[in-house]
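Here is the structure we will look at, set down as structure tokens.
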Amino acid sequence: MMLGIKEIQEIIPHRHPFLLVDCIEELVPGEKAVGYKCVTYDESFFRGHFPEEPVMPGVLIIEALAQVGAVAILSLEENKGKIAYFGAIDKAKFKQKVYPGSKIKLDCEIIRRKGPVGVGKAVATVDGKIAASAELTFMIG
């Protein structure tokens with residue numbers, strides 16, 4: 001199941017410039033989503049992070065992973081129209097810099113759910129190498 005920007009915006013409330021997912025290539029509602037972010041030099045954060053060596057901020061990579069996880073959990077019928085909020089970010093690791101021109105693969109698997117709370121195991125890769133990973137706790141509101 002391929003979702004473009006329009007379909008993603010029907011599931012999560014994020015909009016430009018804070019929508020950090022360009023497409024979803026795999027979706028199993030409530031279980032998993034895989035998406036992509038094509039990082040361009042025109043991203044506003046590169047003007048200040050860092051002018052001499054543009055690097056995508058790690059917190060934005062984590063946010064992109066969370067948005068993919070939100071697509072997975074909010075695509076469940078009972079969660080449509082709701083918002084997924086951060087509850088916690090655990091075990092976050094940054095292994096590689098992400099530069100303009102990178103295509104980030106964003107993979108989030110929901111590993112636990114209880115009521116409105118869940119945990120996703122999230123991994124961002126560029127060219128098959130891990131750029132960042134974390135366990136993301138969300139709350140549906």
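Values below: all heavy atoms of this structure, side chains included; hydrogens, waters and symmetry mates excluded. Residues take their numbers from the sequence shown, with the count starting at 1. Everything numeric in this text was worked out from a predicted model, so none of it was measured.
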Output a table of donor-acceptor pairs, distance under 3.5 Å, between side-chain atoms of residues 47-62 and any protein atom two or more places apart or on a different chain; print 'none' if there are none.
residue: His49; atom: ND1; partner: Val55; partner atom: O; Å: 2.7
residue: Glu53; atom: OE2; partner: Lys97; partner atom: NZ; Å: 3.1
residue: Glu53; atom: OE2; partner: Tyr99; partner atom: OH; Å: 3.0

Would you be so kind as to tabulate the donor-acceptor pairs closer than 3.5 Å made by side chains of residues 19-28, with sequence neighbours excluded?
residue: Asp22; atom: OD2; partner: Cys38; partner atom: N; Å: 2.6
residue: Glu25; atom: OE2; partner: Tyr36; partner atom: OH; Å: 3.3

Anything under 3.5 Å between a donor and an acceptor, one on a side chain of residues 72-85, the other on a protein residue two or more places apart or in another chain? List them.
residue: Ser75; atom: OG; partner: Val71; partner atom: O; Å: 3.0
residue: Ser75; atom: OG; partner: Ala72; partner atom: O; Å: 2.9
residue: Glu77; atom: OE1; partner: Lys80; partner atom: NZ; Å: 3.3
residue: Asn79; atom: ND2; partner: Ile73; partner atom: O; Å: 3.0
residue: Lys82; atom: NZ; partner: Glu78; partner atom: O; Å: 3.3

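In plain terms, the two heavy atoms of Leu65 and Ala124 that are nearest each other are CD2-N, 3.8 Å. Residue Gly69 comes nearest to Cys108 through the heavy atom pair CA-SG, 3.6 Å, listed as atom of the first residue, atom of the second, then distance. Of all the heavy atoms in Gly128 and Thr125, the pair that sits closest is C-CB, 4.3 Å.
Evaluation of the salt bridge (Lys or Arg N to Asp or Glu O under 4.0 Å) rule for Glu43 yields Lys37 as partners, not counting sequence neighbours. In this structure, Lys121 has no salt bridge (Lys or Arg N to Asp or Glu O under 4.0 Å) partners at least two apart in sequence or on a different chain. A search for side-chain contact (heavy atoms from CB on, under 4.5 Å) contacts involving Asp90 returns Ala88, Glu135, Thr137, not counting sequence neighbours.
Here the side chain of Gln67 pairs no donor or acceptor atom with the backbone of Ile8 at under 3.5 angstrom. Here the side chain of Gln9 pairs no donor or acceptor atom with the backbone of Lys6 at under 3.5 angstrom.
Ile104 and Phe18 end up in the same hydrophobic cluster when Ile, Leu, Val, Met, Phe, Trp and Tyr side chains are linked at under 4.5 Å. Criterion: ILVMFWY side-chain heavy atoms under 4.5 Å apart, direct or through other members. Under it, Leu106 and Val126 are part of a common hydrophobic cluster. Each of Tyr41 and Val98 belongs to its own hydrophobic cluster when Ile, Leu, Val, Met, Phe, Trp and Tyr are linked at side-chain heavy-atom distances under 4.5 angstrom.
As a member of the Ile/Leu/Val/Met/Phe/Trp/Tyr network built from side-chain separations under 4.5 Å, Val119 groups with Ile111. Taking Ile, Leu, Val, Met, Phe, Trp and Tyr as hydrophobic and joining them when side-chain heavy atoms fall under 4.5 Å apart, one finds Met139 in a cluster with Val117. In the hydrophobic clustering, Ile130 connects to Val123, either directly or through intervening members, whenever side-chain heavy atoms lie under 4.5 Å apart.
Between Ile11 and Leu3, the closest side-chain pair of non-hydrogen atoms falls below 4.5 Å.
Residue pairs that meet the salt bridge (charged side-chain N to carboxylate O under 4.0 Å, His left out) test with at least one member in residues 10-21, sequence neighbours left out, do not exist here.
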